[in-house]
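A short write-up of the structure that comes next.
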Amino acid sequence: MSIASVEAQKQLDRIVALGYPDVADISAAAFRSLARPLIGALEHSDLGSNILLVPTRELVSPESLIARTSINRMAGFTTMPPRDIASFLPQDGFMPPEGPFYLVVNPHTGTCYVNREPDVARKLIDSDERLPLTLEEGLAIATQHQEWLLEKNGFNLLGSRSADGRVPSIWMSQNAPRLGAVWPNSRHTWLGNAYCTARRGVSLFR
């Protein structure tokens, strides 16, 4: 097995243990089988371990996922209603590859873009030839690398937006991960702007 396939399998095991099959309303075995083609395709990949395994919202809706994250036994939370969370959709150019699972390559919380307005950070990310993360991808960070919220920073997810222009954000609040939103012209000293270098679906490994 390659380093990437081992990492993807570890991440799959984690979200199965956190109850993602229940959210998808399928059995754990069926849920695992949906990830098998992508993990199998990684057998001959040289991507390494700095990847995120992301289920698409068609498989797992994002509304309840923040509550399945935790830090030091403090469960993640949000004050936004489910309809509000579901309204944060991927923007043009940042749509996920074909599902039901795909990979994010070299994810980061965007420490170098801390305290930047989302609209300004978006231009900087573009100029650095990086890709802003979406809501689903940010939830994957909070699930797989929750320690990053403590060791690095909270982050905006500029790849998603609601119809009113807000962008979703994840940060530490009350000693737990919190999902919220910010306006595109606001800045916060504790929020970076998360990014990656690539997204890959199973077809890109064939």
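Heavy-atom basis, side chains included; hydrogens, waters and symmetry copies ignored. The structure displayed is predicted, hence computed values, not measured ones.
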Between CD1 on residue I66 and CZ on residue F77, distance to nearest 0.5 Å: 9.0 Å

Residues which pass side-chain contact (heavy atoms from CB on, under 4.5 Å) with M95, listed by chain and number, not counting sequence neighbours: P90

Main-chain N/O of L47 paired with S45 side-chain donor or acceptor, under 3.5 Å: yes

Shortest non-hydrogen separation from P96 to Y102 and the atoms involved: CB-CE2, 3.3 Å

CG on L179 to CD on E63, rounded to 0.5 Å: 10.5 Å

Those residues that, when tested against R68, pass salt bridge (charged side-chain N to carboxylate O under 4.0 Å, His left out) (two or more places apart): none

Smallest separation among heavy atoms of R32 and Q9, with atom names: NH1-NE2, 3.5 Å

Contact check, side chains of M74 and Q174, non-hydrogen atoms, under 4.5 Å: no

Crowding at CD, E147 (>12 non-hydrogen neighbours, <6.0 Å): yes

Pairwise distance CG(L38) to CG(L53) - rounded to 0.5 angstrom: 6.5 Å

Heavy-atom side-chain proximity of I39 to L12 below 4.5 angstrom: yes

Steps toward side-chain contact (heavy atoms from CB on, under 4.5 Å) verdict (Q146, T69): CA-CA 8 Å; Q146 62 272 28; T69 68; 5.8 Å; no

Shared hydrophobic cluster, I141 / L18 (ILVMFWY, side-chain heavy atoms < 4.5 Å): yes

S49 OG to I3 CD1 distance, which is reported to the nearest 0.5 Å: 6.5 Å

Gap between atom CG of L103 and atom CD of E7 - 0.5 Å precision: 10.0 Å

Stepwise side-chain contact (heavy atoms from CB on, under 4.5 Å) check, N193 with L133: CA-CA 8 Å; N193 290 273; L133 295 192; over 6 Å; no

Evaluation steps, salt bridge (charged side-chain N to carboxylate O under 4.0 Å, His left out), between E137 and R199: CA-CA 10 Å; E137 294 159 0; R199 296 178 175 90; 2.6 Å; yes

ring-ring contact (aromatic ring centres under 6.0 Å, His included) against Y195, all qualifying residues, sequence neighbours excluded: H108, Y113

Hydrophobic cluster membership, V202 vs V54, 4.5 Å side-chain cutoff: yes

Over all atoms of both residues, closest heavy-atom pair of T143 and R14: O-NE, 2.6 Å

Any donor-acceptor pair under 3.5 Å from Q91 side chain to L89 backbone: yes

All side-chain contact (heavy atoms from CB on, under 4.5 Å) counterparts of A17, not counting sequence neighbours: none

Residue pair S2 / L42: nearest heavy atoms and the distance that separates them: OG-O, 2.6 Å

Distance-only side-chain donor-acceptor flag, T111 / N153, under 3.5 Å: yes

Partner residues of R57 under the salt bridge (charged side-chain N to carboxylate O under 4.0 Å, His left out) criterion, sequence neighbours left out: E136

Minimal non-hydrogen separation, L52 against A140, with atom names: CD2-O, 3.9 Å

D164 side chain vs R166 backbone, donor-acceptor pair below 3.5 Å: yes

More than 12 heavy atoms of other groups within 6.0 Å of I26 CD1: yes

Check: F101 and F31 side chains under 4.5 Å, non-hydrogen atoms: yes

Pairwise distance CG(L157) to CG(L139) - rounded to 0.5 angstrom: 7.5 Å

Test: D119 and K123 ion pair at under 4.0 Å: no

Pairs touching residues 114-137 that satisfy ring-ring contact (aromatic ring centres under 6.0 Å, His included), sequence neighbours left out: none

Linked, directly or transitively: F94 and I170 (ILVMFWY side chains, under 4.5 Å): no

Nearest heavy-atom neighbours spanning A75 and A176: O-CB, 3.3 Å

